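Indexing begins at 1, ligand by ligand and atom by atom, following the structure's order. Computed over heavy atoms, backbone and side chain alike; hydrogens, waters and symmetry mates excluded. No experiment lies behind these values; they were computed from the predicted model shown.
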Amino acid sequence: MARKSATVFASVVAGVAVLVVGCSDPASDSAPASTTATSGRAAPAPASGQAAPAPGNLPRITILATGGTIAGKANANSAVGYTAGEASAKDLIDAVPGIDKIATLSTEQISNIGSQDMSDAVWLPLARRINEIFAGNKADGVVITHGTDTIEETAFFLDNVVAADKPVVLAGSMRPSTALSADGPANLRSAVQVAASPDARGHGTLVVLNDTIHGAHDVTKTNTTSLQTFVSPNDGPVGHVDAAEVHFYRPATEQHRPRFPVPENSMPRVDIVYSYAGVDADPVNDALGHDAKGIVLAGVGDGNTAKPVLSALGDAAKKGIIAVRSTRVGSGSTVRNAEVNDDDLGTVASLDLNPSKSRILVQLLLVNDITDPHKVQDAFATR
Ligand code: ASP
């Protein structure tokens, strides 16, 4: 993927450094009992165009660990098998030499699961904890270690409910911590570099893997096992990281974007219905039979599907169900009123949100009583 190099914002986070003794101890900031801390020793050089941390103070980064392959360990009896979510947050940072020269770190274990089991049971306390950390000025940035299977969903959820513009950066890995050439330590280092960079402020929630920085809205996993699995198919990545610097290709623009309050209770059921040749309306009717309040179509092509499915979606929309047309195709926009007449059906076009992120947006809209199709369409256009 071509990198946009016309405008490069660089933050130096390592390299030439003034040697000072790190003295802050985030563990004293009323952190949970599971918190551990490491204190940094070297201050970074000033970031371009941004206030540097006060002399003697490295950026304070809190690492919230949730599990995933980055915390995975090999199974003793298998050449390829491993179990996600085995190593602790402290194990993860201990595997990254020199990370204490980039930031003063504190760690909290939020969960230790494979992200295939991620749900709002983890999202809601995670989002609350991030808001609490920033509201109390307990950290300058947050890094979340996470499985790669649903990292883009968690990133999108947080992007919509974290109230501050301080950096929130998710990192995962494709190889478990015990693998040859495990990618987790490098990805964690990169994520801390990004979260410690003043230039990351206002970019919304970010995902960092394989030296590349992606925005929550666009990022998606495209390969089952490759290290270069994450892409931002519509807008391209927002930057990259090297050993010394964080480079953003465009300035932050998201400071004034509205956020939802973190939902108090688990979010309403919204189902995704996949389309294929020969599909019928049964999956839509099943979703309604299970009390789904919203349905997202993972349609063929431009959010299209067979006539019986479209008709069932239109009927659902007329009964107040939010019916969104997205696409199973990996890139491009689902266009409103192109081959499908959304005005007649009462459906909403997901534009460039993929089905799993569309589902989360519909859940957040339902929690906030936004169900009118025009208002739902506006939300898809602005988030
Ligand atoms: N199943 C793992 C997970 O999402 C895969 C990974 O992290 O790469 O937790």
Contacts satisfying ring-ring contact (aromatic ring centres under 6.0 Å, His included) that involve residues 292-332 (not counting sequence neighbours) are none
Using a strict cut-off of 4.0 Å, indicate which atoms of ligand 1 neighbour a heavy atom of Ser173. 6 (C), 7 (O), 8 (O)
Could you verify whether a donor N or O on one side chain and an acceptor N or O on the other, from His217 and Asp352, lie under 3.5 Å apart? yes
Is the closest heavy atom of Gly67 to ligand 1 under 4.0 Å? no
For a quick check under 3.5 Å, do Thr212 and His240 share a side-chain donor-acceptor pair by atom type? no
Looking at CD1 of Ile322 and CG of Leu365, how far apart are the two atoms once the value is rounded to the nearest 0.5 Å? 6.0 Å
As an exercise, identify every atom of ligand 1 less than 4.0 angstrom from a heavy atom of Gln116. 1 (N), 2 (C), 3 (C), 4 (O), 9 (O)
When distances are taken from atom 8 (O) of ligand 1, the protein heavy atom at minimum range is Thr148 OG1, 2.5 Å
Under 3.5 Å, N or O to N or O, is Thr150 touching ligand 1 that way? no
Between CD of Glu108 and CD1 of Ile133, what distance do you get to the nearest 0.5 Å? 5.0 Å
Please assess Thr69 against Tyr82 for the test side-chain hydrogen bond (donor to acceptor under 3.5 Å, both in side chains), listing each intermediate value before the final yes or no. CA-CA 8 Å; Thr69 294; Tyr82 72 94; 2.6 Å; yes
With heavy-atom distances below 4.0 Å as the criterion, list the atoms of ligand 1 near Gly114. 9 (O)
With respect to Ser115, determine whether any N or O atom, backbone or side chain, lies less than 3.5 Å from an N or O atom of ligand 1. yes
What is the closest protein heavy atom to atom 6 (C) of ligand 1, and at what distance does it sit? Thr69 OG1, 2.8 Å
